[in-house]
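By convention in this document, chain letters (A, B, ...) are assigned in the order of the sequence lines, proteins followed by strands, and residues within each chain are numbered from 1.
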Protein chains: 2
Amino acid sequence: MAKHDPDLNLLFHALSDPSRRMMLARLARGPAPVSELAAPTGLRLPTVLRHLSVLEEAGLVATQKDGRVRSCQMLPEGLSPMRDWLEAQREIWEGRLDRLDDYLNEIMKEWPDDTRS
Amino acid sequence: MAKHDPDLNLLFHALSDPSRRMMLARLARGPAPVSELAAPTGLRLPTVLRHLSVLEEAGLVATQKDGRVRSCQMLPEGLSPMRDWLEAQREIWEGRLDRLDDYLNEIMKEWPDDTRS
DNA sequence: AATAAACTTAGCCATTTGGCAAAGTATGTC
DNA sequence: GACATACTTTGCCAAATGGCTAAGTTTATT
């Protein structure tokens, strides 16, 4: 399928892996070097590095090198596209409920009061 | 990594594909048969069927067969684990800001008023 | 200068994913 | 009963994913 929303693809994909969510959870508490991100996952560094780059490409994390250690920090605004999608979804859903409501009201008008039990 | 949260894995993975999001968007407007779900994606039925099963396993969609047509509907509460995760993430983040705030207040106390420019 | 630390790159491997065509099944319609 | 509909199953394929080891590279430390 044509990718009309690369943001959401990358974002949801980044969040679909538990190791990456674990790394993010650590970063939500504050910046950390790569090896500290790796610790709770039990994964090797090369693997963690690749997860990290997925998080970066999704716009969830930024990193910079300080001497020989790479410091990583979370970008909380990276979650916005997801919030927006969720909101849009909710609106469609509510629009649907509104139309159902209209419909029911329309039906009710057909029934005079005295036909109700 | 041990999968401590199969819900979130399946949910985020389900949402990471644009065809699946397209199908969901259609379903948010109301129930539909498989072929109607397929139409906007431009994909063949077998492919759509597999996307559909991914959505079902993620708890986002329920289907049932009515004669020879399978009717699909969205389960909006299927998005709850995602909302919860988002909320938890926000709380960690805010807890962090609170601690930063505490810290700054602590620093400020050290400085008498008349040292400020 | 030698060693240790902290990544980084390269390359391999098994599994999963996302797509398809072809053939099969079940259910309406004429 | 013949035929069309609407899936459904099977099986194939290429690319992406997630993991690893081994071998760099770039900074500290001693």
Side-chain angles (χ1 to χ4, degrees), chain A residues 1-27 30-58 60-73, chain B residues 1-27 30-58 60-73:
Chain A
M1 192 50 231
K3 31 176 254 169
H4 275 304
D5 240 326
D7 276 13
L8 286 176
N9 295 354
L10 294 176
L11 192 47
F12 283 129
H13 174 244
L15 294 174
S16 72
D17 183 279
S19 305
R20 285 192 292 260
R21 286 200 307 276
M22 214 175 284
M23 290 165 67
L24 253 200
R26 166 64 191 80
L27 287 179
V34 176
S35 39
E36 195 168 332
L37 247 48
T41 68
L43 297 173
R44 303 301 186 151
L45 269 190
T47 307
V48 170
L49 226 60
R50 294 189 48 172
H51 282 310
L52 188 57
S53 84
V54 170
L55 291 170
E56 283 192 69
E57 296 207 350
L60 287 168
V61 166
T63 76
Q64 60 195 348
K65 213 144 176 199
D66 245 7
R68 65 182 161 174
V69 16
R70 175 173 300 276
S71 177
C72 315
Q73 60 181 310
Chain B
M1 191 50 229
K3 30 177 253 170
H4 275 304
D5 241 323
D7 276 13
L8 286 175
N9 296 352
L10 294 176
L11 191 49
F12 283 129
H13 174 246
L15 295 173
S16 72
D17 182 280
S19 305
R20 285 193 293 261
R21 286 199 307 276
M22 216 176 282
M23 292 165 65
L24 253 201
R26 168 61 192 81
L27 287 179
V34 176
S35 39
E36 195 168 332
L37 247 50
T41 67
L43 298 172
R44 303 300 185 149
L45 270 189
T47 308
V48 170
L49 227 59
R50 294 188 49 174
H51 281 311
L52 187 57
S53 84
V54 170
L55 290 170
E56 282 193 68
E57 295 208 351
L60 287 168
V61 167
T63 76
Q64 59 195 347
K65 210 141 180 201
D66 245 6
R68 65 183 160 171
V69 18
R70 175 173 300 277
S71 176
C72 314
Q73 60 180 308

Under 3.5 Å, which protein N or O atoms sit close to an N or O of nucleotides 23-27 of chain C? Give each pair with its distance.
none

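Axis orientation changes by 20° from one end of the helix from dA1(C)-dT30(D) to dC30(C)-dG1(D) to the other, with each end axis drawn from 5 pairs and the value rounded to 10°.
Between the side chain of Arg70(A) and the main chain of Val34(A), no donor-acceptor pair closer than 3.5 Å is present.
For Arg50(B), no side-chain nitrogen or oxygen approaches OP1 or OP2 of dG19(C) to under 4.0 Å. Distances shorter than 4.0 Å separate none of the side-chain N or O atoms of His13(B) from OP1 or OP2 on dT16(C). Checking the phosphate oxygens (OP1, OP2) of dG18(D), no side-chain nitrogen or oxygen of Thr47(A) falls inside 4.0 Å.
Atom CE of Met22(A) and atom C1' of dG18(D) are 14 Å apart (whole Å). Atoms CG (Leu37(A)) and C1' (dC7(C)) sit 13 Å apart, rounded to a whole Å. Taking atom CG of residue Asp17(A) and atom P of nucleotide dT17(C), one finds them 12 Å apart after rounding to whole Å. Atom pair Glu57(A):CD and dA16(D):P shows a separation of 13 Å (rounding to whole Å applied). For Glu56(B) and dT8(D), the CD to C1' distance is 13 Å, given to the nearest whole Å. In this structure, CG of Leu52(A) is placed 9 Å from P of dT8(C), rounded to the nearest angstrom. Rounded to an integer number of Å, the gap from CG of Leu49(B) to C1' of dT9(D) is 10 Å. Between Leu15(A) atom CG and dG18(D) atom P the separation is 12 Å, expressed in whole Å.
Using a 4.5 Å cut-off on side-chain heavy atoms (C-beta onward), Leu24(B) and Leu15(B) make contact. Glu57(A) is not listed as a side-chain neighbour of His13(A), based on a closest heavy-atom distance of 4.5 Å or more.
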Verdict with supporting geometry, Leu43(A) and His51(A), side chain to side chain contact (heavy atoms under 4.5 Å, CB included): CA-CA 10 Å; Leu43(A) 297 173; His51(A) 282 310; 3.8 Å; yes

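The side-chain contact (heavy atoms from CB on, under 4.5 Å) search around Leu10(A) returns Ala58(A), not counting sequence neighbours. Glu36(A) meets the side-chain hydrogen bond (donor to acceptor under 3.5 Å, both in side chains) test with Arg26(A); sequence neighbours excluded.
For Val69(A), taking side-chain heavy atoms from C-beta onward, the closest of the listed nucleotides dA6(C), dT9(C), dC7(D) is dA6(C). Between dG19(C), dA10(C), dC7(D), one nucleotide has an atom nearer to the side chain of His51(B) than all others, and that is dG19(C). Looking at the side chain of Leu45(B), the nearest of the listed nucleotides dA22(C), dC7(C), dC7(D) is dC7(D). Considering only side-chain atoms of Arg70(A), the nucleotide from dC7(C), dT9(D), dC20(D) that sits closest is dC7(C).
In plain terms, the two heavy atoms of Ser16(A) and Arg21(A) that are nearest each other are C-NH1, 3.8 Å.
Residue pairs meeting the salt bridge (Lys or Arg N to Asp or Glu O under 4.0 Å) criterion with at least one partner in residues 41-55 of chain A, sequence neighbours excluded, do not occur; the list is empty. Residue pairs satisfying the salt bridge (Lys or Arg N to Asp or Glu O under 4.0 Å) criterion with at least one member in residues 6-15 of chain A, sequence neighbours excluded, are absent.
Ser35(B) comes within 4.0 angstrom of sugar-phosphate atoms only, judged by non-hydrogen atoms across all strands, and of no base.
Looking at which nucleotide of DNA chain D each of Arg44(A) and Val34(B) is closest to, the 5′-most match is held by Val34(B).
Between the CD atom in Gln73(A) and the CG atom in Leu60(A) there is a gap of 12.5 Å [rounded to 0.5 Å].
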